[in-house]
K.L.:
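One structure coming up, written as structure tokens, with questions to follow.
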Amino acid sequence: MASISLKRITSTWIITVMVLFVIAILFGITMRFNQGKLIQISPTSFYSIMTVHGLTMIGIWSVAGLAAIHYLLSRYLSIPTSISVFAFIFTVLGVVMLWSSAFIGEFHAGWTFLYPLPFKVAWKSWATPLFLSGLAVLGVAWLVWSVGILYQILKKYTITQTLGWQHFSTNPSIETPPLILISTVSLIGIIVCLLSAVVLLVLFFAEYFSNGAYSNDPLLMKNITYFFGHTIANETLYLGLASLYELMPEISKKPKFKTTWYVALAWNCTLVFILTAFFHHLYMDFVQPLGFQMIGQLASYFASLPAAAVTAFSVAVLVYKNQIRWSLSNILFFLGVMGWIIGGIGALIDATISNNIILHNTLWVPAHFHTYNAMGNVLFSLAFFVWVANDFSDLPVDSGIPKFIISLLVLGGFGFVLMFYLGGAMSIPRRFALYPPEFNNLSWLATLGGWFAVVYLISILFIFFTILKKCLKVFSAS
Amino acid sequence: MLKSILSLLILWIGIRPYTINAVEYNLSEEQELYQTIPNLTIQSTFGEFQLSELYHQQPIIIAYIFTRCSGICYPYLLQLNDHIQQLNTQKKFKILVLSFDPRDQLADMQNLQKNYLMNTQKEWIFAITPDIQKLNSSIHFKPEWNKIQEQYDHESVLIGVNTEGYISSKKIGTTDLKDIQLLLKDIHNEFVISYPLKMTNTIMSCFTYDPATGKKKPALGLLILLLPAVLTAIIVGIIVLKNKKYHHPNRARL
């Protein structure tokens with residue numbers, strides 16, 4: 001049972017995430033309209049916006065996932081609210097630092113801040129240390145939060161129980177709730193990648209403060225950067241899935257999902273493979289050892305298939321030929337699974353080396369990750385937000401489906417990513433403020449993508465205002 | 001006091017002409033790579049021919065010197081000779097020792113070859129070219145004439161040219177055995193997986209590459225890559241051990 005303080009901090013997270021999400025969408029629309037030549041901004045501004053947009057999106061949906069599992073885990077165990085509050089304060093501080101470095105300091109090394117770009121100072125000299133410090137603040141905040149949640153899980157359950165290993169025997173005496181299983185798998189992965197961020201930042205700062213006495217190996221830095229970046233993006237997706245496993249049956253008035261041996265096996269496999277899939281970001285670095293490229297290829301397939309197959313199967317069984325009480329929440333969950341699988345297929349295509357030779361660094365890359373974020377993980381988190389907002393206001397599960405808004409969401413979201421896919425299929429490179437001259441006749445794809453994003457934004461605003469009033473109610477409750 | 005000031009002044013006036021002005025070299029090992037080398041007319045001890053006739057037969061290494069050099073040129077040539085002999089490679093190539101000094105005549109080059117006992121080594125060709133400015137421009141080589149010392153200030157340069165006439169490698173400055181091994185691989189169009197930068201301040205790499213064997217060996221950087229996973233395992237292990245006292249059989253329930 002969630003305490004009032006937990007409700008309040010969760011409500012605060014929701015409102016903050018939604019406000020930042022709306023602003024970040026506006027940044028994205030700005031970029032697309034610039035590429036479509038509907039507006040004109042300087043390349044420096046474009047890349048500053050791109051840096052902030054990417055980091056903000058990854059950051060807010062990471063914290064949304066953590067906030068969701070923190071809230072839902074209160075059904076099973078007690079987690080101090082103070083760690084969430086701590087994380088919130090330092091997240092806000094970190095965001096302020098990052099945005100300041102980009103918008104005042106003009107830092108624009110991209111949201112991957114790939115070494116040695118942060119040291120090729122084409123911005124205010126203080127922007128680089130401020131940016132790196134902002135990342136450090138965020139990393140510490142989320143690390144404390146993640147370790148704190150995992151600590152409480154392991155206080156109640158043994159490590160083997162949290163990973164569901166007893167389900168491999170015929171009659172397990174204890175059943176591990178899927179929420180516990182997936183949260184544990186995700187939190188372990190998040191802790192690994194946040195620690196990799198710590199290592200990365202230590203190396204950055206070591207070089208920065210050495211005044212040239214020490215320099216990093218670029219290949220090592222790239223490996224660590226993508227270990228952190230790729231892994232955290234995927235782990236936060238799994239946090240969203242944890243909410244789905246816990247809530248979708250409940251909202252649909254169906255029996256809860258149970259952990260079976262194949263669910264436990266799938267998620268245990270995911271734990272291992274998701275930590276090695278990041279090598280697929282270095283396929284084009286020929287200097288990378290061949291063994292790593294092979295691991296990246298295999299792990300990219302193995303990481304996605306078990307979790308996706310098991311989840312899709314479970315959701316399909318839930319809805320197929322069953323009387324489902326559809327509401328905004330479970331529709332969002334359902335659409336999110338669709339988006340996740342579509343984006344995942346796009347990812348698998350790009351993660352195949354023979355395809356990556358053609359698709360590498362084209363718009364196919366943002367196509368797939370926008371699909372399984374904007375139309376995947378975001379929808380999982382929104383579903384939780386809608387559900388918990390009703391919980392805050394003691395309302396029953398929301399009735400009535402705003403069909404028009406769902407239609408806008410689907411049209412806007414899938415239309416937006418379709419423009420990316422088409423651009424990628426035509427080899428338009430990513431991360432260009434303006435398309436190269438060879439692709440001038442395809443800039444309409446960017447403009448159309450921007451308009452689809454506007455449609456998507458309208459639906460998001462509707463959902464935001466739907467839950468805002470309910471979230472604010474929790475502050476007046478005693 | 002006055003004597004000291006005067007002494008310093010005289011010293012400064014006296015020394016100043018002999019101080020070598022700092023010359024900024026515009027050479028870089030990455031520049032001009034995979035550009036075609038100009039097809040120079042070569043006048044050598046074997047007669048006159050076009051450079052293309054030479055590189056079409058075998059890849060070449062061009063060593064850039066001048067015979068009146070009192071600086072790096074001779075030690076550099078001897079070092080190159082030592083490295084080639086140490087390598088004792090089966091690869092076929094020629095070393096074209098080319099003078100960039102317009103004063104050098106073929107007789108000067110012949111004497112150089114004889115004095116340094118390279119006249120018996122078939123890979124070595126000592127030559128001059130009337131087109132030296134063309135070559136200088138193509139690789140941005142700008143020797144500065146020091147009129148006091150009557151010497152050229154210049155970088156030591158080795159240029160590797162493959163059988164298609166492309167500049168496939170450049171080595172600037174002193175070279176060690178591994179540099180020559182890489183150079184030979186480059187001019188023979190062999191794939192080189194890594195060109196480690198000549199930096200002593202990179203303390204962690206993923207691997208070290210040995211051009212002699214063509215093999216990679218893991219280095220400290222790989223352990224750094226494993227560090228987050230190891231730290232996580234330690235953290236989880238500590239949490240598990242700390243919480244062991246809470247766990248009794250059948251404690252956890254749905």
Side-chain angles (χ1 to χ4, degrees), chain A residues 76-77 143 147 150-162 173-177 180 184 187-200 202-203 206-207 210 212-224 227-228 231 256 258-259 275-276 286-290 292, chain B residues 30 34 182 185-186 189-211 213-254:
Chain A
Y76 302 94
L77 34 102
L143 192 58
V147 171
L150 188 64
Y151 182 89
Q152 297 303 326
I153 293 175
L154 290 172
K155 208 171 172 180
K156 185 171 177 185
Y157 300 89
T158 64
I159 184 75
T160 55
Q161 287 166 353
T162 61
S173 53
I174 291 161
E175 191 182 326
T176 303
I180 299 289
T184 304
L187 286 169
I188 290 174
I190 287 173
I191 291 168
V192 174
C193 61
L194 288 176
L195 287 172
S196 68
V198 168
V199 170
L200 181 66
V202 166
L203 293 174
E207 181 166 333
S210 75
Y214 167 72
S215 67
N216 286 295
D217 180 86
L219 184 66
L220 174 62
M221 295 296 274
K222 188 169 182 178
N223 271 290
I224 302 176
F227 186 17
F228 160 60
T231 313
K256 285 176 95 74
K258 302 252 188 234
T259 300
L275 294 176
T276 45
F286 59 82
V287 73
Q288 181 86 322
L290 182 62
F292 285 177
Chain B
E30 296 85 40
Y34 309 113
L182 280 174
K185 278 182 180 286
D186 284 333
N189 300 324
E190 288 175 27
F191 178 64
V192 177
I193 199 163
S194 172
Y195 294 90
L197 295 173
K198 283 189 186 189
M199 293 189 320
T200 53
N201 59 355
T202 303
I203 63 169
M204 280 185 288
S205 300
C206 286
F207 62 90
T208 55
Y209 174 67
D210 184 355
T213 58
K215 289 200 180 331
K216 294 184 292 292
K217 283 184 203 166
L220 185 60
L222 281 181
L223 290 179
I224 300 298
L225 211 51
L226 289 172
L227 190 59
V230 169
L231 288 174
T232 303
I234 292 170
I235 291 171
V236 172
I238 291 171
I239 297 173
V240 166
L241 287 171
K242 222 172 156 350
N243 288 327
K244 220 172 181 179
K245 61 181 181 225
Y246 295 110
H247 295 302
H248 300 285
N250 302 322
R251 179 185 168 85
R253 289 281 180 266
L254 179 63

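Small disclaimer: the values here were computed from a predicted structure and weren't measured. The chains referred to below are lettered A, B, ... by the order of the sequence lines, with proteins before strands, and numbering in each begins at 1.
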K.L.:
Counting heavy-atom pairs under 4.5 Å to chain A, which of B:Ala229, B:Pro218, B:Pro228 comes out on top?
P.N.:
B:Pro228

K.L.:
Heavy atoms, side chains only, cut-off 4.5 Å: are B:Met204 and A:Asp217 in contact?
P.N.:
no

K.L.:
Taking side chain as everything from C-beta outward and backbone as N, CA, C, O, which of these in B:Leu225 sits under 4.5 Å from a heavy atom of chain A? Side chain, backbone, both or neither.
P.N.:
both

K.L.:
Please list, chain by chain and in numerical order, all residues satisfying side-chain contact (heavy atoms from CB on, under 4.5 Å) with B:Phe191, sequence neighbours excluded.
P.N.:
A:Phe286, B:Ile193

K.L.:
With the side chain counted from C-beta on, respond yes when A:Leu275 and A:Thr231 share a heavy-atom pair under 4.5 Å apart, and no when they do not.
P.N.:
yes

K.L.:
Is it the backbone or the side chain of B:Ile235 that comes under 4.5 Å from a heavy atom of chain A, or both, or neither?
P.N.:
side chain

K.L.:
Who passes ring-ring contact (aromatic ring centres under 6.0 Å, His included) against A:Phe227, sequence neighbours left out?
P.N.:
A:Phe278

K.L.:
Between A:Ile180 and chain B, with a heavy-atom cut-off of 4.5 Å, which part of the residue counts as in contact: side chain, backbone, both or neither?
P.N.:
neither

